[in-house]
Amino acid sequence: MLLLACFLLMLTREMPCLASSRSPSLVAPAGASDQTKNEELEALLTWKSELDSQSRYILSSWNESNPYSWRRIDCDPRGSIVSLNLSNSAIHGTLHYLNFSLLPNLVALTLANNSLFGNIPPSMALLAELTHLDLSQNNLSGNIPTQLVSLRSLQVLELSHNNFDGPIPNEICSLSNLTSIFLSANNLSGFIPKEIGRLKSINYLMLKSNHITGPIPSSIGNMSSLIMMRLSENQLVGAIPSSIGKLSNLNYVSLRMNKLSGPIPSSIGNLSNLNILHLNNNKLSEHIPSSIGNLSNLNALVLSKNDLSGPIPSSIGNLSNLNVLDLFENDLSGFIPKEIGKLGLLIQLDLIQNNLEGFLPIEMSNLTSLTHLELCDNDFVGQLPQEICSSQALVSFAIANNHFTGPIPRSLRNCSSLHRVRLHNNSLKGNITNAFGVYPYLDYLELSNNELYGKLKLLLELSLDYNRLAGHIPQELGALSDLQKLNIVGNNLSGSIPIELGECSNLLFLNLSRNNLHKSIPMEIGNLQSLQVLDLSQNFLTEEIPTQFVRLYRLEILNLSHNQLSGSIKSTFTDMVSLTSIDISYNELEGPLPNIPAFRNATIEVVRGNKGLCGVVASLNPCVATTSKGKNKNKKLLLILMPTLGCLLALLLVVGISSIVHQRLRKPEPSSKDGSNENLWAVLSFNGNMVYESIIAATKEFDAKYCIGVGGHGSVYKAQLQTGETVAVKKFKEAVEVEITSRKAFEREVHALTEARHRNIIKLHGFCSSSQHSFLVYEFLESGSLKDVLNDEERITAFDWNKRVNAVKGVAYALSYLHHECSPPIVHRDVASKNILLDEQYEAHVSDFGTTKVLQPSSVNWTSFAGTFGYAAPKLAYTMEVKEKCDVYSFGVVTLEVIKGKHPGELILSLASSASSSSSNSTASCWPLKQALDQRIPYPDGDTLGQVAFIVKMAFTCLSARPEHRPSMQQVSHAISARKSIMIGAWEDIKLEELVDPGCFPY
């Protein structure tokens, strides 16, 4: 018997509860009454029955027949339930059907990261034994019930990342056993209770990201066990109480982004265990107390964006463990103390926008761990420390808008880690030829308004692609004698190509495409005998291709397409045997092509759109030699044939009139309205008449029962053709009746779209028009639109975070292709969830190009408003100017809609409101990730959470009210692929993530 009892006791520790009123064969261990255990199980089964079908499926192990297999439940040795842990389980429902009175022995209730909604039932106060309550990361709302005061055993209260509102109940302050309060990221308001000082056992007080106002109560100094205090991102006012100095166990304090004023209390120097101190973005004033130097364990001191004045205290040199010192945007004055050189572990020093002056202490050369040195906008004088980058760790070096003199620090020559260098608006002197070295990661260099001279001979690569550079290409680039790669594609550069580029004798790669360059290609380009890649496409270059190109005997890739080049090319390329790829399409070139491999192996695409080329390319007309004698014979023959042709023309006219009369009596057929014989169905080798008739038959003359969607410009129908193929047909509301010139422009757009080939773009078969019907015909996908999936409660759970991230990537790749790889670029103009279709694998396909505008680089793209309100960029609605950045804004809206599960209208309004207020308020807004997530599926974790957070940050950059501050879709797609931050406008990704508040996005 003793052995059996021990065996049963072991089972109760390894398995869930062993009791059920409906399973009489089960043997319950002795101890708790059978009635109590049966009531506990019955309470859980009742709650399960009131949840949605998906939640019931997740809890399928909870069944009446086998309580032994119940998961997520722990029991005590008596068989009574003591722990219920359903965190990260995608449970959707409320807590109102869970009868807490039947769970009297519950010690831990953990339901974090689910989709629970509604209020906390007051009956939860009946859990007299409860020590741990975690309901975080749900969608719970209402007030925090005062009845929780009955939970006398409670130690951990975790309610963060919900939608709770109202005040923090004073009654909580009587729970003397509490060790942790987590109420962050809610909508709590009112004051911090003065009675909070009673909680002397509290280790963690987390109230960040709420709407709490009023002062920090001085009673907080009584919370002697406090280790971490985060009150940031609220509306706290008044002074920081001096009683904070009593909290000797504190190692993390964040009061940032409030409205605190007055001095930093000197008592703060008593916090000897402090690691992190964030007081930035407040209205703190007066001096930085010298007692700050007592914080010998401090890693991060962030006091930026306040009204602090006076000098930086010399005691700051005592902070030997300091990694981050941010004092920017204050009114600090005086010199930088020499003691700062003692901070050997300092990584980031930011003193921008103060009134500091004098020389930089030579001791700053000891800061060998620095990665960011930011000293802009002060009154510093004298020379810079010459060994500022001796350790080659420096990433950002910004000293602009000061009065520095002397040479650039010699240590920068070998500082290959540099990304950003801002030295402008100083009085630096000297030769920069030997001051700079090779910087493989450099993306920003500003040297203007100094007294520098010389040449940057050692620069090997200069990439400025896809920025907003305007003006002429500087002649000084010719001085970069060691330059091997020059990439300035995708800017707004104008003027001619400088002849000085011919002096870059080591150049291997030159790409000046997608700009507004004009005039002729300088013959000096022929001097670049090391050149392997040359791309001058999509400019406005004119005249002939220089014969000096023949000297580019190492050239392998040449692209001169989409210019206005003219003349013959045969002699230019005859000896270029190394050429493997060439594109001269869409120019005004003529004459025979040279018989070299690059042309013999080419397709018609690389030569189409010219004036009169002939020769070796397949499908191109062969060159026919003609003599003057032959021409004379042709003239005589023409004189003989002219009378005959006149008679034939008259006969054809009569026949034509008869045909027109006969045609009007027949059923209309699809045709081109300008009278051309071009058939837009030819792109798929379809017979246009047959396709037209097949669509009319398949939809029964566009009967409503075949309609699968309605938009502003028409309706979409599903049609199964006679060939067996199913297509989507977008029928316009009215037949397209436009002038011939506009008609041709529209046909050009359709042709551009039919040539667009990308896995994330719905295939457009063509356009069909008659006097009765006009429509576009697309590939058909069964799964419907992104909007349909997001609104379908039964399908939403299958659309998990990985699929959503992949869908966002697909849309980004498609728009990047349209904007940057199509020629001319294509702007969709109506990027919305209804126009993004999903296949069976939830791969996104951008569709509905009915409002598309094909951009001509030289045109002013103004048009009437087209698109979907709620997705269109604000500027488009009132300027009607069609630009790629309109699609970028819409992409940002769609991205947030995918992540949130519904249109993010309220979020966008708050974003716009915050952006408006930030112009007059230096305090940045902060927005928790939780509010952006679809509550109907489980909260993402691990790397998936990182991907989702990154995509949300990226969406914010796309929603900037100013188009120039939005990234290009190419930048977005590259960032998604590499998962690296986009630096656009004033928004920058937060650095040193371990020192900042996670899950919060600035906008």
Side-chain angles (χ1 to χ4, degrees), residues 16-17 19-23 32 34-67 69-75 79-130 132-148 150-151 154 157-159 161-165 186 793-794 796-797 934-939:
C17 312
S20 173
S21 60
R22 305 195 181 187
S23 301
D34 289 342
Q35 180 179 356
T36 299
K37 294 190 289 290
N38 292 338
E39 287 176 347
E40 290 174 342
L41 300 179
E42 190 65 34
L44 296 182
L45 287 175
T46 301
W47 181 52
K48 172 189 170 183
S49 68
E50 298 294 338
L51 300 174
D52 65 4
S53 58
Q54 180 66 23
S55 301
R56 293 197 299 273
Y57 173 78
I58 293 168
L59 298 177
S60 58
S61 67
W62 291 13
N63 56 72
E64 299 173 351
S65 62
N66 189 13
S69 63
W70 284 29
R71 299 182 181 274
R72 305 296 189 99
I73 293 174
D74 291 322
C75 302
S80 184
I81 297 175
V82 294
S83 174
L84 174 59
N85 186 345
L86 293 177
S87 59
N88 306 300
S89 297
I91 302 299
H92 184 268
T94 74
L95 295 173
H96 289 282
Y97 298 101
L98 183 54
N99 191 339
F100 293 104
S101 66
L102 299 180
L103 299 169
N105 298 310
L106 197 64
V107 174
L109 177 61
T110 305
L111 304 177
N113 197 11
N114 284 289
S115 297
L116 299 172
F117 58 91
N119 300 337
I120 295 179
S123 62
M124 188 177 287
L126 299 174
L127 300 176
E129 303 297 323
L130 198 66
H132 189 107
L133 175 60
D134 187 351
L135 305 178
S136 62
Q137 299 183 54
N138 280 285
N139 199 30
L140 297 167
S141 57
N143 292 352
I144 298 174
T146 58
Q147 289 87 346
L148 293 184
S150 300
L151 303 178
L154 196 63
L157 177 62
E158 167 61 285
L159 304 179
H161 293 275
N162 279 286
N163 296 314
F164 293 116
D165 53 26
N186 281 287
E793 294 296 329
E794 294 184 1
I796 196 64
T797 53
D934 193 339
Q935 305 299 315
R936 297 172 294 176
I937 62 174
Y939 195 81

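Counting only heavy atoms from C-beta outward, the side chains of Leu102 and Glu42 never approach each other to under 4.5 Å. Leu140 is not listed as a side-chain neighbour of Phe117, based on a closest heavy-atom distance of 4.5 Å or more. Taking the side chain as every heavy atom from C-beta outward, Asn99 and Trp47 never approach each other to under 4.5 Å. Residues Thr110 and Arg72 fail the side-chain proximity criterion, which asks for heavy atoms closer than 4.5 Å. Counting heavy atoms from C-beta outward, Leu44 and Ile81 have side chains that approach closer than 4.5 Å. Using a 4.5 Å heavy-atom cutoff, the side chains of Leu109 and Leu130 are in contact.
Results of the side-chain hydrogen bond (donor to acceptor under 3.5 Å, both in side chains) test with Arg936 over Glu793, His92, Gln54 single out Glu793 as the only residue that passes.
Across every non-hydrogen atom of Thr797 and Glu794, the tightest pair is OG1-O, 4.0 Å. Among all heavy-atom pairs drawn from Leu151 and Leu127, the shortest one is CD2-O, 3.2 Å. Heavy atoms only, all atoms of each residue included: Arg56 and Ser49 are closest at NH1-O, 3.9 Å. Here the closest heavy-atom approach between residue Val82 and residue Cys75 is recorded as CG2-C, 3.9 Å. When all heavy atoms of Ala90 and Ser55 are compared, the pair lying nearest together is O-OG, 3.8 Å. Taking every heavy atom of both residues into account, Asn114 and Leu111 meet most closely at ND2-O, 2.9 Å.
Without hydrogens or angle criteria, Asn138 side chain to Asn162 main chain gives no donor-acceptor distance under 3.5 Å. Side chain of Gln147 to backbone of Ala125: no donor-acceptor contact under 3.5 angstrom is found. Using a distance-only test at 3.5 Å, with no hydrogens or angles considered, a donor-acceptor pair links the side chain of Ser89 to the main chain of Ser87.
In summary, the side chains of Asn163 and Asn139 do present a donor paired with an acceptor at a separation below 3.5 Å, with no hydrogens or angles considered.
The CZ atom of Phe164 sits 6.5 Å away from atom CG of Leu135, with the distance rounded to the nearest 0.5 Å. Annotation: the span from Leu106 atom CG to Phe100 atom CZ amounts to 8.5 Å, rounded to 0.5 Å. Remark: Ile120 CD1 to His96 NE2 distance equals 9.5 Å, nearest 0.5 Å. Within the model, atoms OG of Ser150 and CE of Met124 stand 12.5 Å from one another, a figure rounded to the nearest 0.5 Å. Atom CG of Asp134 is separated from atom CG of Asn85 by 8.5 Å, given to the nearest 0.5 angstrom. Here the OG atom belonging to Ser53 is positioned 9.5 Å from the CD1 atom belonging to Ile58, to the nearest 0.5 angstrom.
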Checking side chain to side chain contact (heavy atoms under 4.5 Å, CB included) for the pair Asn143/Asp165: CA distance, chi angles, key distance, verdict?
-> CA-CA 5 Å; Asn143 292 352; Asp165 53 26; 3.0 Å; yes

Side chain to side chain contact (heavy atoms under 4.5 Å, CB included) assessment of Leu59 paired with Leu86 = CA-CA 9 Å; Leu59 298 177; Leu86 293 177; 3.8 Å; yes

Apply the test side chain to side chain contact (heavy atoms under 4.5 Å, CB included) to residues Leu103 and Leu98: give CA-CA distance (whole Å), side-chain angles for both, the deciding distance (0.1 Å), then the verdict.
-> CA-CA 9 Å; Leu103 299 169; Leu98 183 54; 4.2 Å; yes

Check step by step if side chain to side chain contact (heavy atoms under 4.5 Å, CB included) holds for Asn119 and Ser141.
-> CA-CA 5 Å; Asn119 300 337; Ser141 57; 4.0 Å; yes

